[in-house]
Amino acid sequence: MRYLIYSLLLITGMTGTAQAAAWQAIQGDVVTVETASESSNLRLWCFGKRWPAKKQADGKWRGWIGVDLKTKPGELPIEWSDGKQVIARDTLMVIKGEFRISHIQVKKKMAEFDAPTLARIRKEVKALKATYVEPVTATPDIRMFGKPTEGIESTPFGAQRYVNGAARSPHSGIDIAAAAGTAIKTPLAGKVLFAGEMYLNGNTVAIGHGNGLVSVFSHMRKIHVTKGAWVETHQLIGEVGATGRATGPHLHWGVRFNMARVNPESLL
């Protein structure tokens, strides 16, 4: 398992209120950041986006930033503001991830598509992507309470995928191999935003947890929830299967955070 890594360097000013921090994260990780402020409405900005932040019992503010899988390594600015002025300026150092190469062989119809099939795939992908920005009335901390199913990690996050020898997009989730019928339970409560069959993903469920966090579960044998339903943490949502483009029974578990493709394991 790849663990989230971060470091904190504090520089305190003469007044005791000004501070700067430097944080580290590997491509695809979610980094937890903190700052000290007496503001009652602090906002966190990075990558030109606003990220969720919460005031803690000790008076500090904690926030979460998702580093997309393909973010270019380097130093990026973080800003904390109260809506009127910048309270603190921090930095985020993105480190290049070390991702393996993955080759799979599938039937020709799952690698080469005629016009009607391609049109179907694009329509389904568009519908799934729409869930990544669908608002959900909830404000959880950005974390997951365990993996959604028990099994062996067969393909890790970020792997460069080759299908029948042709390069495809990097693997934006983790594959967990398990026996067909193994229970799949959501690792965090949320609203079911998508539940249906897809050509490549097979039987798929997308759950919006709030704060821009969305989980996607694919290749299910059976789906046990319906679109629009609210599910609680560790509630049964489906069963492991091999539907869609799959070489054997497994669960593909992907997470989007404010649209960023992030490693689910960095949220455990």
Side-chain angles (χ1 to χ4, degrees), residues 2 27-28 68-70 97-132 147-187 192-207 214-227 236-256 259 261-265:
R2 295 165 59 248
Q27 290 171 313
D68 185 78
L69 171 60
K70 298 299 287 184
E98 296 182 3
F99 304 120
R100 65 173 245 196
I101 294 175
S102 171
H103 290 269
I104 62 170
Q105 289 292 131
V106 297
K107 293 180 180 179
K108 186 176 180 180
K109 69 176 184 178
M110 286 297 178
E112 300 175 22
F113 316 117
D114 57 24
T117 302
L118 187 58
R120 174 188 170 180
I121 291 171
R122 287 173 174 168
K123 182 179 179 181
E124 291 169 348
V125 169
K126 183 178 181 180
L128 184 61
K129 284 185 174 180
T131 68
Y132 303 156
K147 294 183 179 181
T149 195
E150 295 295 326
I152 298 171
E153 185 177 295
S154 55
T155 306
F157 176 84
Q160 176 57 60
R161 176 60 62 85
Y162 289 82
V163 179
N164 293 1
R168 294 290 189 266
S169 298
H171 199 234
S172 60
I174 61 173
D175 286 348
I176 304 173
T182 302
I184 299 170
K185 300 179 180 180
T186 180
V192 179
L193 304 178
F194 182 95
E197 180 188 4
M198 301 178 68
Y199 186 83
L200 293 178
N201 289 23
N203 291 329
T204 297
V205 169
I207 297 176
V214 179
S215 294
V216 178
F217 311 89
S218 298
H219 306 298
M220 295 183 179
R221 181 173 75 173
K222 290 183 180 179
I223 294 174
H224 290 288
V225 292
T226 57
K227 183 178 178 180
L236 179 70
I237 59 172
E239 302 172 16
V240 171
T243 56
R245 186 162 69 187
T247 58
H250 74 284
L251 171 68
H252 172 87
W253 177 30
V255 175
R256 298 292 177 114
M259 289 297 291
R261 296 164 293 178
V262 297
N263 185 354
E265 291 185 332

- Query: Is the backbone of Asn203 close enough, under 3.5 Å, to the side chain of Thr243 for a donor and an acceptor to pair up by distance?
  - Reply: yes
Tightest non-hydrogen contact, residues Ser102 and Arg161, listed as OG-NE, 3.2 Å
Which of parallel (below 30°), tilted (30 to 60°) and perpendicular (above 60°) describes Phe217 and Trp253? parallel
Side chain to side chain contact (heavy atoms under 4.5 Å, CB included) evaluation trace for Leu200 with Met110 | CA-CA 7 Å; Leu200 293 178; Met110 286 297 178; 4.2 Å; yes
What one should report as the nearest heavy-atom pair of Pro187 and Pro148 is CD-CB, 4.2 Å
Here the pair of heavy atoms bringing Gly158 nearest to Leu69 is CA-CD1, 3.8 Å
Discussion item. Looking at Ile174, is its backbone amide N or carbonyl O close enough to the side chain of Glu153 to form a donor-acceptor pair, meaning the two atoms are under 3.5 Å apart?
Written reply: no
Scanning both residues in full, the closest heavy-atom pair of Val240 with Ala178 reads CG1-O, 3.7 Å
query: Does Thr149 use its side chain to pair, donor to acceptor, with the backbone of Ala183 at less than 3.5 Å?
result: yes
**Request:** Kindly indicate whether the side chain of Lys147, heavy atoms from C-beta on, has any atom under 4.5 Å from the side chain of Glu265.
**Result:** yes
What class does the angle between the rings of His250 and His219 fall in, given that below 30° is parallel, 30 to 60° is tilted and above 60° is perpendicular? tilted
One should read off an interatomic distance between Leu236 CG and Thr186 OG1, to the nearest 0.5 angstrom, of 10.5 Å
- [ ] Would you indicate whether the side-chain heavy atoms of Tyr199 and Lys109 approach each other to under 4.5 Å?
- [x] yes
When you compare the side chain of Gln160 with that of Pro170, does any pair of heavy atoms fall below 4.5 Å? yes
#### Entry: Expected output: side-chain Glu239 to main-chain Lys222 donor-acceptor under 3.5 Å
no
* Heavy-atom neighbours of Arg122 CZ exceed 12 at 6.0 Å -> no
*When you look at Ile237 and Met220, which way does the side chain to side chain contact (heavy atoms under 4.5 Å, CB included) test go after all the steps?*
CA-CA 10 Å; Ile237 59 172; Met220 295 183 179; 4.0 Å; yes
Residues Val225 and Ile223: closest non-hydrogen pair is O-CG2, 3.3 Å
| message | Atom CD of residue position Gln105 - does it have more than 12 heavy atoms of other residues, nucleotides or ligands inside 6.0 Å? | response | yes
Next on the checklist: Let's go through Phe194 and Val216 carefully: what are the C-alpha distance in whole Å and the side-chain angles of both, what is the deciding distance for side chain to side chain contact (heavy atoms under 4.5 Å, CB included) to 0.1 Å, and is it a yes or a no?
Outcome noted: CA-CA 9 Å; Phe194 182 95; Val216 178; over 6 Å; no
d(Ser172 OG, Lys70 NZ) to nearest 0.5 Å is 12.0 Å
Interatomic distance, CE@Met198 vs OG1@Thr204, rounded to 0.5 Å, equals 5.5 Å
Using the rule given for side chain to side chain contact (heavy atoms under 4.5 Å, CB included), can you reason through Arg245 versus Val163, listing the C-alpha separation, both sets of side-chain angles and the distance that settles it, and then say yes or no?
CA-CA 10 Å; Arg245 186 162 69 187; Val163 179; 4.0 Å; yes
CZ (Phe113) and CZ (Arg120) are apart, to the nearest 0.5 Å, by 11.0 Å
Closest non-hydrogen contact found for Thr182 with Ala179 is OG1-O, 2.6 Å
In this structure, CD1 of Ile176 is separated from CD of Glu150 (nearest 0.5 Å) by 8.5 Å
Within the distance-only criterion (no hydrogens, no angle test), does the side chain of Arg221 pair as donor or acceptor with the backbone N or O of Pro249 below 3.5 angstrom? no
One should read off an interatomic distance between Ile104 CD1 and Thr247 OG1, to the nearest 0.5 angstrom, of 6.0 Å
